[in-house]
Amino acid sequence: MTSFIRPTYQLEAEFAQFGPVIGVDEAGRGPWAGPVTAAAFWICPDALAALPDKLTDSKKLSASQRADIETQLCSPKFGHIYAVQHSSGAEIDEMGILPATFKAMCAAAESVVLQLSQKGYNAPACVLVDGNLLPTMPYRAKAIIKGDSKSLSIAAASILAKQSRDRVMTALSAAYPIYGWERHAGYGTKAHLLALNEHGVTPHHRRSYAPIKRLLKTGQ
């Protein structure tokens with residue numbers, strides 16, 4: 001186990017003696033288009049020492065670093081268990097961004113719980129969730145502010161969520177290339193706003209978000 005891993009596994013170690021500990025994080029609450037994506041990740045204790053040394057908050061990593069770490073995390077040889085879930089732009093408009101985020105988080109966590117159960121593990125001892133708010137879950141859960149820098153399982157979830165959502169936005173950009181989603185993932189960049197002003201709103205834009213609302217009111 002490297003010196004990097006020890007301090008950032010303490011949150012998991014606090015509960016691990018009582019059962020599996022799952023980390024949960026999201027990506028994409030702020031963008032004007034596309035889904036919000038959540039991932040849940042359980043670190044196989046036998047592979048703890050093999051975790052990538054640079055595993056941390058996805059926002060602190062380059063695209064190539066995230067891709068390399070994701071490949072390692074998802075390798076079957078290590079036995080980690082994970083899941084990714086999305087809430088669509090339409091669900092965000094209908095439910096609100098926080099409920100839609102919580103829906104994806106709960107679905108991802110439940111998928112990991114099911115996979116753990118199928119492998120003979122007990123119910124999770126704790127679900128560690130990045131942030132200061134918790135979705136309602138039938139398991140013990142703990143909100144961790146800046147958890148993606150403090151917990152290895154949350155950091156792993158943050159990378160999977162980011163990578164998965166970026167792939168979704170790149171795929172969507174093939175049908176709507178003018179908006180540049182493959183570059184900015186739907187965030188409110190100047191280029192995105194210019195494209196919206198010129199070409200209007202797509203079915204993947206979040207109509208409940210203020211910039212999109214304004215454009216719809218003006219007939220874009």
Side-chain angles (χ1 to χ4, degrees), residues 1-16 21-44 47-75 78 80-86 97-98 101-102 104-105 108-109 112 126-135 141-170 173 180-192:
M1 189 183 304
T2 70
S3 59
F4 174 84
I5 289 177
R6 288 192 183 98
T8 44
Y9 194 71
Q10 289 176 355
L11 290 168
E12 287 85 352
E14 178 182 345
F15 300 100
V21 181
I22 299 168
V24 176
D25 201 1
E26 55 76 25
R29 288 179 63 178
W32 295 352
V36 62
T37 301
F41 200 96
W42 172 77
I43 295 170
C44 177
L48 179 60
L51 286 171
D53 287 345
K54 293 184 178 180
L55 176 57
T56 187
D57 174 6
S58 63
K59 296 184 289 297
K60 297 178 180 178
L61 300 168
S62 68
S64 62
Q65 287 174 323
R66 287 196 304 270
D68 288 344
I69 292 172
E70 181 191 33
T71 298
Q72 295 177 63
L73 293 174
C74 296
S75 172
F78 295 122
H80 305 308
I81 296 176
Y82 53 88
V84 177
Q85 295 287 332
H86 308 277
I97 183 59
L98 188 59
T101 301
F102 282 175
M105 283 181 164
V112 170
C126 191
V127 178
L128 303 175
V129 180
D130 184 56
N132 62 349
L133 298 171
L134 282 172
K142 185 174 183 179
I144 310 293
I145 296 172
K146 296 183 179 178
D148 42 12
S149 295
K150 300 175 181 177
S151 157
L152 286 175
S153 57
I154 294 177
S158 78
I159 289 171
L160 266 60
K162 169 67 174 168
Q163 291 293 100
S164 180
R165 187 179 185 278
D166 281 357
R167 284 191 288 270
V168 169
M169 296 309 296
T170 297
S173 73
W181 293 336
E182 76 285 359
R183 297 189 301 276
H184 53 67
Y187 279 87
T189 65
K190 182 178 180 180
H192 194 176

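Numbers here are sequence positions counted from 1. The structure presented is a predicted model; accordingly, all values stated were derived computationally and were not measured.
Nearest heavy atoms, Val36 versus Ala104: O-CB, 4.4 Å. Closest of all the heavy-atom pairs between Val24 and Ala109 is CG2-CB, 4.2 Å. Summarising the geometry of Ala157 relative to Gly23, their closest heavy-atom pair is CB-O, 3.6 Å, with the distance given to 0.1 Å. Nearest heavy-atom pair across Ile97 and Thr101 is O-OG1, 2.7 Å. Among all heavy-atom pairs drawn from Asp57 and Ala155, the shortest one is N-CB, 4.2 Å. The minimum heavy-atom distance linking His80 with Ile43 is given by the pair ND1-CA, 3.6 Å.
Counting heavy atoms from C-beta outward, His86 and Ser164 have side chains that approach closer than 4.5 Å. Under the 4.5 Å side-chain criterion, counting only non-hydrogen atoms from C-beta, Pro35 is in contact with Met169. Residues Arg66 and Asp166 form a side-chain contact, since some pair of their non-hydrogen atoms from C-beta on lies under 4.5 Å apart. In this structure the side chain of Thr56 reaches within 4.5 angstrom of the side chain of Leu61, judged on heavy atoms. Looking at heavy atoms from C-beta onward, Leu160 lies in side-chain contact with Cys74 at the 4.5 angstrom threshold. Considering only heavy atoms from C-beta on, Pro31 comes within 4.5 Å of Arg165 through its side chain. Counting heavy atoms from C-beta on, the side chains of Val21 and Trp42 never come closer than 4.5 Å.
One finds no salt bridge joining Lys162 and Asp25 here, because no Lys/Arg side-chain nitrogen approaches an Asp/Glu carboxylate oxygen to under 4.0 Å. A salt bridge links Arg167 and Glu70; the closest N-O separation between the charged side-chain nitrogens and carboxylate oxygens is under 4.0 Å.
Separation of atoms CZ (Arg29) and OG1 (Thr37) is listed at 13.0 Å; rounding is to 0.5 Å. Atoms CD1 and CD1, on Ile69 and Ile159 in that order, are 4.5 Å from each other to the nearest 0.5 Å. Expressed to the nearest 0.5 Å, how far OG1 of Thr170 lies from CZ of Arg183 amounts to 10.5 Å. To the nearest 0.5 Å, the span separating OH on Tyr9 from CD on Glu14 amounts to 12.0 Å.
At distances below 3.5 Å, not a single donor-acceptor pair connects side-chain atoms of Lys142 with backbone N or O atoms of Cys126. Judged by distance alone, the side chain of Asp148 and the main-chain N or O of Ser158 form no donor-acceptor pair under 3.5 Å. In this structure, the side chain of Ser75 does not engage the main chain of Phe78 through any donor-acceptor pair within 3.5 Å.
Checked against the 6.0 Å centroid threshold, Tyr187 and His192 do not count as a close aromatic pair.
When each of Leu73, Ile22, Val112 is paired with Phe41, the side chain to side chain contact (heavy atoms under 4.5 Å, CB included) condition holds for Leu73 and for no other.
Between the side chains of Ser153 and Glu12, at least one donor-acceptor pair of N or O atoms lies under 3.5 Å.
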task = Assess whether side chain to side chain contact (heavy atoms under 4.5 Å, CB included) is satisfied between Val129 and Met105, documenting all intermediate values.
result = CA-CA 9 Å; Val129 180; Met105 283 181 164; 3.9 Å; yes

